[in-house]
There are 2 protein chains.
Amino acid sequence: MAAQELFLRDGYEATTIRRIADLVGVSAPALYLYFKDKDAIMLALCDQTFRSLNEVMDGMEKEDVAPIARLRRCGTAYIRFALEHPRQYWLTFMSGNTPDKIKKRGHKPDTAGLDPEEPGAQGAIAFSRLMGIFREIENSGYALNYPVDTAAELVWMCLHGLVAAIINNPEFPWTRRDALIEGMLEVAVRGVVKMPG
Amino acid sequence: MAAQELFLRDGYEATTIRRIADLVGVSAPALYLYFKDKDAIMLALCDQTFRSLNEVMDGMEKEDVAPIARLRRCGTAYIRFALEHPRQYWLTFMSGNTPDKIKKRGHKPDTAGLDPEEPGAQGAIAFSRLMGIFREIENSGYALNYPVDTAAELVWMCLHGLVAAIINNPEFPWTRRDALIEGMLEVAVRGVVKMPG
DNA sequence: CTGATAACTTAACATTGATAACTTACCGGT
DNA sequence: ACCGGTAAGTTATCAATGTTAAGTTATCAG
């Protein structure tokens with residue numbers, strides 16, 4: 001009953017409720033029986049997409065690698081995911097309609113207390129996961145240049161800045177994309193964790 | 001004849017063409033005599049706002065300070081400007097309707113070849129200016145960790161990530177804002193220019 | 001068979017961005 | 001002083017959008 005949302009791939013923002021209904025083979029107002037409004041539909045679709053990112057990160061959390069390497073891996077996964085699902089990423093983190101509940105809650109209490117079913121939560125969960133890795137890094141005895149929460153925010157902002165720029169200006173003649181990705185990870189890590197020596 | 005646009009401050013995205021027309025004291029279709037469509041109106045307003053940022057940066061370019069300090073100052077100015085004009089910044093860099101011409105041209109030829117009158121150019125000019133400062137840094141004999149254009153892109157993405165995150169989630173309980181700003185500048189600089197020692 | 005509940009449809013609205021057709025004022029040339 | 005055309009607006013009108021109201025069909029317990 002929710003598989004229908006996969007169809008949006010094409011137009012998306014230009015995707016009208018009537019077109020969705022047509023694709024699903026149902027009349028437009030029928031959608032309002034399942035979703036509050038158009039934003040709810042989009043949110044549900046984004047959540048579904050982000051769920052896969054969170055699963056990937058779940059898996060990574062079990063891997064036994066040095067915490068800083070884990071940060072690199074998770075960062076890469078985050079970036080790649082964002083670039084592979086630009087529209088969902090845009091809607092979740094750049095459209096400007098972040099649901100109020102998540103805004104208020106913040107990341108302090110970790111992912112605990114985040115209801116994964118709540119629409120719009122998946123994006124915040126991915127975000128929180130990245131934060132959690134950072135706490136772990138600090139607990140492993142690495143020295144940071146900033147308080148852990150500030151450090152986490154800074155790193156996330158770096159990654160977000162990279163993908164946001166690329167997503168919003170895909171036709172801009174950026175230099176090699178992989179160089180940018182690798183470079184930004186380096187910049188973020190070097191900037192935040194105090195390197196030995 | 002263009003002073004009218006200042007009125008948008010309030011609703012903005014929710015700002016309808018008819019409301020603009022009412023505020024200006026003119027009928028709705030009259031606006032189409034001066035602007036191609038709604039986007040053109042918004043672009044014109046954004047340009048007007050960004051012009052002030054470019055003027056500030058023009059002034060900074062004349063100051064006689066070490067190039068790396070100049071980068072810090074310009075970065076701070078950029079960030080502060082973005083946070084002071086969140087809606088304009090959003091429309092210019094995050095709304096997803098960057099004009100095609102600017103997309104294609106890129107920043108390689110510096111600001112030369114950018115017609116400042118062309119709608120939508122001011123944002124790109126501010127961007128290019130930041131890039132230019134970076135070329136200057138390299139010419140001053142600083143060693144960079146990346147090619148100059150990549151370095152410039154990375155730094156801009158850092159700044160952009162910071163303001164984008166804050167602008168889109170103003171209610172999120174970020175840690176102290178000034179700490180984030182100062183921290184991000186540090187991260188960007190430390191990450192990109194090879195520090196002595 | 002009745003009556004209510006669920007799942008949907010058609011009809012209708014208000015608002016939006018945008019265009020077409022008409023009106024009015026001004027201004028230079030003869 | 002008249003005439004023609006251009007500039008600047010207006011009103012009337014469109015098609016499309018998100019959304020709600022009212023009606024229709026089917027299903028199923030008692």
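Chain identifiers are assigned alphabetically (A, B, ...) following the order of the sequence lines, protein sequences preceding nucleic acid strands; residue numbering begins at 1 within each chain.
- To the nearest angstrom, P of D:dT17 lies 16 Å from NZ of B:K38.
- Checked against C:dT9, D:dA12, D:dG9, the side chain of B:Y34 finds its nearest nucleotide in D:dG9.
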Name each donor-acceptor pair under 3.5 Å that joins a side chain in residues 68-76 of chain A to protein atoms two or more places apart or in another chain, with its distance.
unit_1	atom_1	unit_2	atom_2	d
A:R70	NH1	A:M60	O	3.2
A:R70	NH1	A:E61	O	2.8
A:R70	NH2	A:E63	O	3.2
A:R70	NH2	A:E136	OE2	3.4
A:R73	NH1	A:E63	OE1	2.8
A:R73	NH1	A:E63	OE2	3.4
A:T76	OG1	A:R72	O	2.7

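- In terms of position on DNA chain C, the residue among A:V26 and A:R18 whose nearest nucleotide sits closer to the 5' end is A:V26.
- Note that CE of A:M94 is 11.5 Å distant from CD1 of B:I167, once rounded to the nearest 0.5 Å.
- Note: B:Y142 and B:F134 fail the aromatic proximity criterion, with ring centroids not under 6.0 Å apart.
- Nearest nucleotide to the B:I17 side chain, out of D:dT17, C:dG17, D:dT10: C:dG17.
- Rounded to a whole Å, the CG atom of A:D39 is 14 Å from the C1' atom of D:dT17.
- Rounded to whole Å, atom P of D:dT19 lies 13 Å from atom CZ of A:F35.
- Spacing between atom CG of B:L33 and atom P of D:dT6 amounts to 16 Å, rounded to whole angstrom units.
- Annotation: A:F50 is in aromatic contact with A:F81 [ring centroid separation under 6.0 Å].
- Atom-to-atom, CG of B:D37 to P of C:dT16 comes out at 17 Å; the value is rounded to the nearest Å.
- In this model, the phosphate group of C:dT15 is not approached by any side-chain N or O of B:T16 to a distance below 4.0 Å at OP1 or OP2.
- Checking D:dT20, C:dT16, D:dT17 against every side-chain atom of A:P29, the shortest atom distance belongs to D:dT20.
- Relative to the side chain of B:Y32, the nucleotides C:dG17, C:dT16, D:dT11 differ in distance, and C:dG17 lies closest.
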